[in-house]
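Remarks on the structure that follows.
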Amino acid sequence: MFAAGTRLAGGGRVRVMEPNDHSPVLALIRADRLPGQPVADMHLLTGQTRDGLAEVTTLVVSDASGQITGVVQCAVRTSDEAGLIGWLHAHEDFDTLAVLIAAARARLGPVRVVYAGTGPAQPPDTLASVLPGIAERQRPATTRALRAAGFTPASSRRCFHHPLTPAPARPLFPLAQMRPLTDPPGLQLTLTETDGSALATALLHTHDHDHWQLWHLAVRADRRHRGIGSHLLA
């Protein structure tokens, strides 16, 4: 087990993040960022209190020269006292990741259950604008370190990324409605029949207007397999 202040072999140590660590910690997190994911900011790093959470803590691993080599954020969910391990980054160095996981679990103490890969440590009902979880193919060492620590996948999803360059051709089927969304920012696109009944719908969210996430795409059951979904996607 590791706690904040623990010295490691080779002269490194685990400690609570300090103000001087902000830039290298953000660089670590951004190195693992997937296309379209929100950029980590200083507010999420330094915020110590959030609705539904307690004991929000960011721990770092520094080497003998003081360079930051890993970061993990953890918190306790007040509704059920479950522990959340959020950011977990160490340039895919398995040993450092193992230290970070152990340090976070020691910091959380005897909580009921611990969930890892939650994104920035926050309650699940506030995660609508981020992609929780670990990208197994891009971060195999992180996945291996979590499994070695006893964590098992609770669910899986696959995200496809496609650059819209050049822009797709405008579909022949007109968009009956394009409604802006604010929380999180995005658009709801809806196709309707001539009688006004809903035919197909899509939800898109964006963080920077350069990347959009398609969260939902559906066509009414009796009108599927006719190319309507492809028109809506285009």
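Throughout, numbering of the chain's residues begins at 1 and tracks the sequence.
The neighbour count for His216 NE2, taken as heavy atoms of other residues, nucleotides or ligands under 6.0 Å away, is above 12.
Under the 3.5 Å distance criterion, the side-chain polar atoms of Arg105 are left unmatched by any main-chain donor or acceptor of Val114. The backbone N or O of His211 sits less than 3.5 Å from a side-chain atom of Thr206, completing a donor-acceptor pair. Here the side chain of Asp21 pairs a donor or acceptor atom with the backbone of Glu18 at under 3.5 angstrom. Of the possible donor and acceptor atoms, none in the side chain of Thr190 sits under 3.5 Å from a partner among the backbone N and O of Thr201. Judged purely by atom type and a 3.5 angstrom limit, Arg112 has no side-chain atom pairing as donor or acceptor with the backbone of Glu81. Listed for the Thr58 side chain is no donor-acceptor partner under 3.5 Å among the backbone atoms of Met17.
Side-chain atoms of Leu181 and His205, non-hydrogen and from C-beta on, do get closer than 4.5 Å to each other. A heavy-atom distance below 4.5 Å is found between the side chains of Arg15 and Val60. At least one side-chain heavy atom of Ile85 sits less than 4.5 Å from a side-chain heavy atom of Phe151. Annotation: side chain of Ile101 is in contact with side chain of Leu88 (closest heavy-atom distance under 4.5 Å). Contact annotation: the side chain of His89 never approaches that of Arg30 to less than 4.5 Å [non-hydrogen atoms, C-beta and beyond]. The closest side-chain heavy-atom distance from Trp212 to Leu187 is below 4.5 Å.
For the atom pair CD1 of Ile228 and CG of Leu217, the computed distance is 11.5 Å after rounding to the nearest 0.5 Å. Residue Ile68 holds its CD1 atom at 11.5 Å from CG of Leu26, rounded to the nearest 0.5 Å. Of the inter-residue distances, the one linking Leu84 atom CG with Leu53 atom CG reads 6.0 Å to the nearest 0.5 angstrom. Separating the CG atom in Leu189 from the CG atom in Leu214 is a distance of 9.0 Å, to the nearest 0.5 Å. For the atom pair CG (Leu232) and CG (Leu199), the distance works out to 9.0 Å, reported to the nearest 0.5 Å. The distance from the CD atom of Gln213 to the CG atom of Leu34 is 10.0 Å, given to the nearest 0.5 Å.
Under a hydrophobic clustering in which Ile, Leu, Val, Met, Phe, Trp and Tyr are joined whenever their side-chain heavy atoms come within less than 4.5 Å, directly or via other members, Val71 and Phe94 fall into different clusters.
Taking all atoms of both residues into account, the shortest heavy-atom contact from Ala116 to Leu146 is CB-CD2, 3.7 Å. Considering all non-hydrogen atoms of both residues, Val219 and Ala200 come closest at CG2-CB, 3.9 Å. Closest of all the heavy-atom pairs between Gly83 and Leu108 is CA-CD1, 4.0 Å. The shortest non-hydrogen separation linking Ala145 to Ala98 is CB-N, 4.4 Å. Heavy-atom minimum distance, Ala90 versus Leu100: CB-CD1, 4.1 Å.
Ion pairing between Asp63 and Arg13 fails under the 4.0 Å rule for side-chain N and carboxylate O. Salt bridge absent: Arg107 and Glu55 never bring a charged side-chain N and a carboxylate O closer than 4.0 Å.
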Could you go through Glu92 and Thr142, starting from their C-alpha distance and side-chain angles, then the distance that decides it, and tell me whether this counts as side-chain hydrogen bond (donor to acceptor under 3.5 Å, both in side chains)? CA-CA 6 Å; Glu92 286 302 279; Thr142 301; 2.5 Å; yes
What's the verdict on side chain to side chain contact (heavy atoms under 4.5 Å, CB included) for Leu28 and His91, showing C-alpha distance, side-chain angles and the deciding distance? CA-CA 7 Å; Leu28 272 170; His91 291 308; 3.2 Å; yes
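Partners of Arg147 according to the salt bridge (charged side-chain N to carboxylate O under 4.0 Å, His left out) rule, which considers only residues two or more places apart in sequence or in another chain, are Glu136. Annotation: salt bridge (charged side-chain N to carboxylate O under 4.0 Å, His left out) contacts of Asp32 (sequence neighbours excluded): Arg139. Residues satisfying the side-chain contact (heavy atoms from CB on, under 4.5 Å) criterion with Ser156, sequence neighbours excluded, are absent altogether.
Side chains of Gln73 and Thr57: a donor-acceptor N/O pair is absent below 3.5 angstrom, by distance only.
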